[in-house]
Each structure stands twice: as C-alpha cells, then as structure tokens.
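Okay, structure first, notes after.
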Amino acid sequence: MANLVVRVIMIVSLVICLIVIASFAIFAVGETKSASNRQQESISGASGQVAEAHESELHKAIDDASEELTSPWAGIVSDSSGEWAVRIVNLVIALAVYGFGLGYLARMVRVRV
C-alpha cells in the first residue's frame, strides 16, 4: 500500500512539474518569436501590423492548469516587475514545491512504512 502511495505522489509530482515547465517553455518561445518579429519589422521599416496570437486548445489547457497550480503564490511578484519575472518566479517556486516538496514527502512516506 505504501509503495502505491509513493508511486502516486511521484507521478503527480512529475505531471505537475511537466505542466509548469511546458507552460513556461511555450511562453518563452512565444515571447522570443514575437520579439524577433518586432525587431525584423523595425529593421525593414515595415508597418507594425501585429498578428494575433493563435493558441491551440492544448496551449490554453496547459496555461490554465499552470496558472491554477501556481495561484497560491501568484502575488509574490507584482505584475509591474514584468511577465518574465512573474513566470520565472512561478516556475522556480512550482518546481521547489511540487518537485522537491512532493519528492521529499514520497521519501518520507517510504521511510515511515
């Protein structure tokens, strides 16, 4: 029974960490891509037509899940610090809490039983 609990905790930890990492990766790729496009437009002198970002359902689901998982500490960094700062802090805290914290809990359950 204890091994089952440990496995469930570890799987949940892994899934949560993957969701938060995927959300950050999607954000980072999107931001660098849009920054590159803006830079190319300013160099070529093209009029700044902003293409509306197309998000897939999977992208929306990952972002929603990540936002929900990081909501307990969402107010630590203010939005005025910038989107990158907010996302990085949320990522680091999520990996610490859900990765390290749940991993530690699983090890404690294994040792106690």
Side-chain angles (χ1 to χ4, degrees):
M1 181 66 175
N3 284 337
L4 178 62
V5 171
V6 169
R7 285 185 185 162
V8 169
I9 292 172
M10 295 302 287
I11 290 171
V12 167
S13 171
L14 179 65
V15 168
I16 290 173
C17 288
L18 288 175
I19 288 170
V20 176
I21 290 169
S23 176
F24 181 79
I26 291 168
F27 164 76
V29 168
E31 286 295 303
T32 55
K33 184 177 180 181
S34 67
S36 174
N37 290 341
R38 283 192 304 267
Q39 185 67 27
Q40 288 175 0
E41 286 175 359
S42 72
I43 290 172
S44 68
S47 64
Q49 291 182 351
V50 178
E52 192 170 315
H54 179 264
E55 291 185 2
S56 69
E57 291 298 319
L58 179 62
H59 179 179
K60 289 178 187 176
I62 290 172
D63 279 347
D64 290 345
S66 177
E67 187 175 315
E68 190 68 32
L69 291 166
T70 59
S71 65
W73 53 83
I76 289 178
V77 176
S78 69
D79 290 337
S80 64
S81 300
E83 185 69 18
W84 278 96
V86 172
R87 295 281 187 142
I88 289 170
V89 168
N90 283 342
L91 174 68
V92 170
I93 294 174
L95 292 177
V97 170
Y98 298 122
F100 177 75
L102 289 178
Y104 182 77
L105 177 65
R107 286 188 297 278
M108 293 303 294
V109 168
R110 188 178 307 158
V111 169
R112 299 242 180 220
V113 175

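Only heavy atoms go into these numbers, but all of them, side chains included; no hydrogens, no water, no symmetry mates.
Following chains of ILVMFWY side-chain contacts shorter than 4.5 Å, one can reach I26 starting from L58, so the two form part of one hydrophobic cluster. Under the 4.5 Å side-chain heavy-atom criterion for grouping Ile, Leu, Val, Met, Phe, Trp and Tyr, L102 is connected to L4 within one hydrophobic cluster. A single hydrophobic cluster is not seen to contain both V12 and L18; linkage of ILVMFWY side chains at heavy-atom distances under 4.5 Å, directly or through other members, places them apart. In the hydrophobic cluster analysis, where Ile, Leu, Val, Met, Phe, Trp and Tyr join through side-chain heavy atoms closer than 4.5 angstrom, L14 is grouped apart from M10. Both V92 and F24 are assigned to one and the same hydrophobic cluster, defined by single-linkage of ILVMFWY side chains at heavy-atom distances under 4.5 Å.
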### Message
side-chain contact (heavy atoms from CB on, under 4.5 Å) for L95 and I21? Distances and angles first, verdict last.
### Response
CA-CA 9 Å; L95 292 177; I21 290 169; 3.9 Å; yes
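With sequence neighbours excluded, no residue satisfies salt bridge (Lys or Arg N to Asp or Glu O under 4.0 Å) with E57.
Residues A94 and T70 come closest through the heavy atom pair CB-CG2, 4.1 Å. Contact between I93 and I76 at its shortest, heavy atoms only, is CD1-CD1, 3.7 Å. Taking every heavy atom of both residues into account, A2 and V109 meet most closely at O-CG1, 4.3 Å. Of all heavy-atom pairs spanning A106 and I9, the tightest one is CB-CG2, 3.8 Å. Taking both residues in full, the closest heavy atoms of I19 and S66 are given as CG2-N, 3.9 Å, listed atom of the first, atom of the second, then distance.
Counting only distance, with no hydrogens or angles, the side chain of T32 and the backbone of A28 share a donor-acceptor pair below 3.5 Å. Proximity of a side-chain donor or acceptor of S23 to a complementary backbone N or O of V20 within less than 3.5 Å is not detected.
Between F100 and Y104, the two ring planes are parallel [angle under 30°; tilted spans 30° to 60°]. Note: Y98 and W73 have tilted aromatic rings, judged against thresholds of 30 and 60 degrees for the angle between ring planes.
Atoms CZ and CG, from F27 and L91 in turn, are 11.0 Å apart once rounded to the nearest 0.5 Å. To the nearest 0.5 Å, the span separating CG on L105 from CZ on R110 amounts to 11.0 Å. The CD1 atom of I62 sits 7.5 Å away from atom OG of S56, with the distance rounded to the nearest 0.5 Å.
Applying the 6.0 Å contact sphere to CZ of R7 captures no more than 12 heavy atoms from other residues, nucleotides or ligands. The environment of E68 atom CD is sparse: at most 12 non-hydrogen atoms of other residues, nucleotides or ligands sit within 6.0 angstrom.
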